[in-house]
Amino acid sequence: MLGVTVVVDEPVVDGDAETDGDATADGDAEAETDGGVRTYTVRLELVDEPGELLRALSPIADNGGNLLSIHHERGNMTPRGHIPVEVDLECPPDRFEGIVEALRDAGVNIIQAGANRYGEEISVVLVGHLIDTDLSNTLNRIQEDASAAVLDLSLSAPEGTEPVSSARVRLAIDSADIDDTLATIRSIGADKDFTVVEPLPGGEA
Amino acid sequence: MRLAILGAGDVGRSVADLASEYGHEVVALADSSSATVDSSGIDVDSALEAKLSGGQVGEDDPETVFDTDYDVLVEATPTTLDDAEPGFSHVKRALEADRHVVLANKGPVAERYEELRALEADSAGSIRFEATVGGAIPVLSTIEDSTPQAVTAVRGVLNGTANFILTRMAAEGLDYEHVLAEAQDLGVAEADPTFDVDGTDAALKFVILANVLSEGGFALEDATVDGIQNVPGSALDLAAEDGQTIRLIGEATREGVRVGPRLVPENSALAVTGTRNIVQIETKNAGSLHSSGRGAGGPETATAVLSDVGRLPEL
């Protein structure tokens with residue numbers, strides 16, 4: 001059970017060109033002055049327990065991030081009943097990934113990284129002729145039309161690929177858009193004649 | 001109260017059987033072809049015996065029930081859709097005669113709610129229908145106590161047959177057809193289980209709940225309904241990988257009614273097993289309330305009918 005969730009925004013730069021030298025990305029405009037320091041906004045979700053804030057901030061400071069401001073939204077609740085915290089920090093782009101990893105290692109669930117804003121993870125189960133109807137097209141449509149990121153996929157076709165099969169798809173979505181995302185997945189399902197087994201809202205159950 | 005009971009199935013017979021225990025008297029009991037009527041109280045035991053051995057409850061014409069001196073008509077005939085007849089006409093006749101009506105029959109309350117309320121407004125009698133939603137579980141009275149305006153949604157599992165099938169599929173890794181056959185052998189599923197497994201039965205109950213929350217406006221055709229026939233065992237296996245399971249969940253709000261297979265965490269309150277039912281009543285000011293229990297069965301549903309009778313004012 002993860003106590004802390006992190007949401008990361010990069011208002012200043014699209015931090016693609018940071019680590020692994022894979023410079024394929026959009027390296028658009030904004031030439032970096034070398035050794036440049038960027039500002040990042042990180043949104044956290046904290047369990048309302050003593051020490052949680054410190055626990056979430058340490059990995060940032062310990063990995064070369066300079067804390068600029070902390071906005072602790074006490075009284076506000078995220079959909080999971082946690083307290084949202086917004087942290088502004090600055091660091092060189094090549095250290096940002098390290099900070100995110102350190103947060104993860106500290107048991108902090110990263111649900112938004114890079115330019116993506118994801119507030120929630122959900123699973124849906126699809127049932128139907130998943131393979132005959134082009135599974136990768138289905139997944140692409142979920143990513144594009146429903147603005148969800150497919151995190152993983154588990155497929156079960158016990159009787160071979162021709163009869164009905166089932167797939168569990170775990171998605172990262174923006175919690176504010178959960179209803180729209182599910183409605184879009186439903187309509188993709190209707191197009192392709194799938195049964196879509198959705199989670200219940202609220203998660204309180 | 002003096003009860004006239006229409007319908008001699010499991011529920012009607014159980015109401016007759018238990019009425020005296022709750023301080024009430026049965027003055028008429030009828031099935032579709034016969035009746036036994038006595039304004040000083042019928043002999044319930046012999047009527048039930050006659051029904052079980054010969055198929056008829058007595059020698060009287062069912063029409064004579066309406067001429068009897070009764071306080072409460074218990075409408076426990078089988079649920080029918082669309083015009084919800086003959087149940088609706090039974091309720092109408094009783095209200096027009098200024099008598100109370102307690103329904104166990106879902107049809108009129110789901111399909112013709114506004115008409116029922118209009119008839120009630122013109123009558124000295126009133127209608128109650130706790131038994132139509134969740135059998136023994138006090139769902140409607142809980143909503144009434146919380147006041148419907150303060151209830152934002154009602155969700156839950158209100159069909160034991162579908163829940164039994166999904167539970168067995170998940171536990172044994174069996175497929176739908178296999179478990180359905182088992183459920184039929186055990187008497188959990190009917191020979192024709194269509195209404196249970198295609199979601200219609202659950203939808204009727206959630207339509208009733210939406211009507212109560214919104215003071216009418218809903219019928220079965222307004223509900224979005226999916227059943228469990230297309231859920232294979234492999235879907236339940238996949239859900240389990242994630243600590244989840246699949247249940248046939250209904251939702252009623254003021255915006256609409258939806259019934260379908262949904263993912264719920266295996267350890268959540270809504271993941272009831274076997275034929276058990278559960279409702280979650282989401283309130284504006286008091287969080288969620290959960291009630292779980294037996295959603296069907298003769299004596300169980302009869303207790304809901306008799307609770308309703310106990311809540312009625314003297315005429």
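Reminder, nothing fancy here: chain letters follow the sequence lines and each chain counts from 1.
By the side-chain contact (heavy atoms from CB on, under 4.5 Å) test, F195(B) is found to be paired with L81(B), T200(B), residues two or more places apart in sequence or in another chain being considered.
The closest side-chain donor-acceptor pair between T184(A) and D145(A), if any, does not fall under 3.5 angstrom. For the residue pair D179(A) / T181(A), no side-chain donor-acceptor distance below 3.5 Å is found, with atom types taken as modelled. No side-chain N or O of T245(B) forms a donor-acceptor pair with one of E266(B) less than 3.5 Å apart.
Proximity to chain A is absent for every atom of R247(B), based on heavy atoms less than 4.5 angstrom apart. In this structure, the portion of T195(A) lying under 4.5 Å from any heavy atom of chain B is its side chain and not its backbone. Proximity to chain B is limited to the side chain of V127(A), based on heavy atoms less than 4.5 angstrom apart.
When atom types are taken as modelled, the side chain of K205(B) and the backbone of G134(B) share no donor-acceptor pair closer than 3.5 angstrom.
Chain A is approached within less than 4.5 Å, heavy atom to heavy atom, by N230(B), P232(B), S234(B) from residues 223-234 of chain B, ordered by number.
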Run the side-chain donor-acceptor check on residues 176-193 of chain B: report pairs under 3.5 Å with partners two or more places apart or on a different chain.
unit_1	atom_1	unit_2	atom_2	d
E182(B)	OE1	R168(B)	NE	2.9
E182(B)	OE2	R168(B)	NE	3.4
E182(B)	OE2	R168(B)	NH2	2.6
Q184(B)	NE2	E190(B)	O	3.1
Q184(B)	NE2	A191(B)	O	3.1
D192(B)	OD1	T194(B)	N	3.1
D192(B)	OD1	T194(B)	OG1	2.3

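Pairs passing the side chain to side chain donor-acceptor pair (under 3.5 Å) check and including a residue from residues 206-220 of chain B, sequence neighbours excluded, do not occur.
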